[in-house]
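Step one of this worksheet: look at the structure below.
For the single chain, residues carry numbers from 1 onward in sequence order. Hydrogens, waters and symmetry mates play no part in the numbers below; they use all other heavy atoms, side chains included.
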Amino acid sequence: MGAESHVSRWGTSLAVRIPKPIAEQWGVREGSTIEIVAEGDEVILRKRPYDLATMLAQVDPGALHPEQDAGPAVGREEW
């Protein structure tokens, strides 16, 4: 799917809007992190892959909570 967009000013930077159908197809929304790569006359936008080890290294130990007892199994849960 292709679409035409325009370059706009956003503060001291420039911005390009991603049309809603492309954003939905691509799976991005406001706040999504993307990577921007310039290759010659092309600019490539890529979803930034998540790296679990990096994300876990950024966890604040003070924000961790102890395990909670959920009580006995109800149904076919295995504890």
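Take Ala15 and apply the side chain to side chain contact (heavy atoms under 4.5 Å, CB included) test, not counting sequence neighbours, and it matches Trp10. Among residues two or more places apart in sequence or in another chain, the side-chain hydrogen bond (donor to acceptor under 3.5 Å, both in side chains) test is passed with Asp51 by Thr54. The side chain to side chain contact (heavy atoms under 4.5 Å, CB included) search around Leu64 returns Val59, not counting sequence neighbours. A search for side chain to side chain contact (heavy atoms under 4.5 Å, CB included) contacts involving Leu14 returns Val7, Arg9, not counting sequence neighbours.
At distances below 3.5 Å, at least one donor-acceptor pair connects side-chain atoms of Lys47 with backbone N or O atoms of Trp26.
The two atoms that bring Ala3 and Ile22 nearest to each other are CB-CD1, 3.6 Å, heavy atoms only. Nearest approach of Ile18 to Ala23, heavy atoms of both residues: CG2-N, 3.8 Å.
The salt bridge (charged side-chain N to carboxylate O under 4.0 Å, His left out) analysis of residues 24-46, with sequence neighbours excluded, yields the pairs Lys20-Glu24, Glu35-Arg46.
Hydrophobic clustering, with ILVMFWY side chains joined whenever heavy atoms are under 4.5 angstrom apart, keeps Val28 apart from Ile44.
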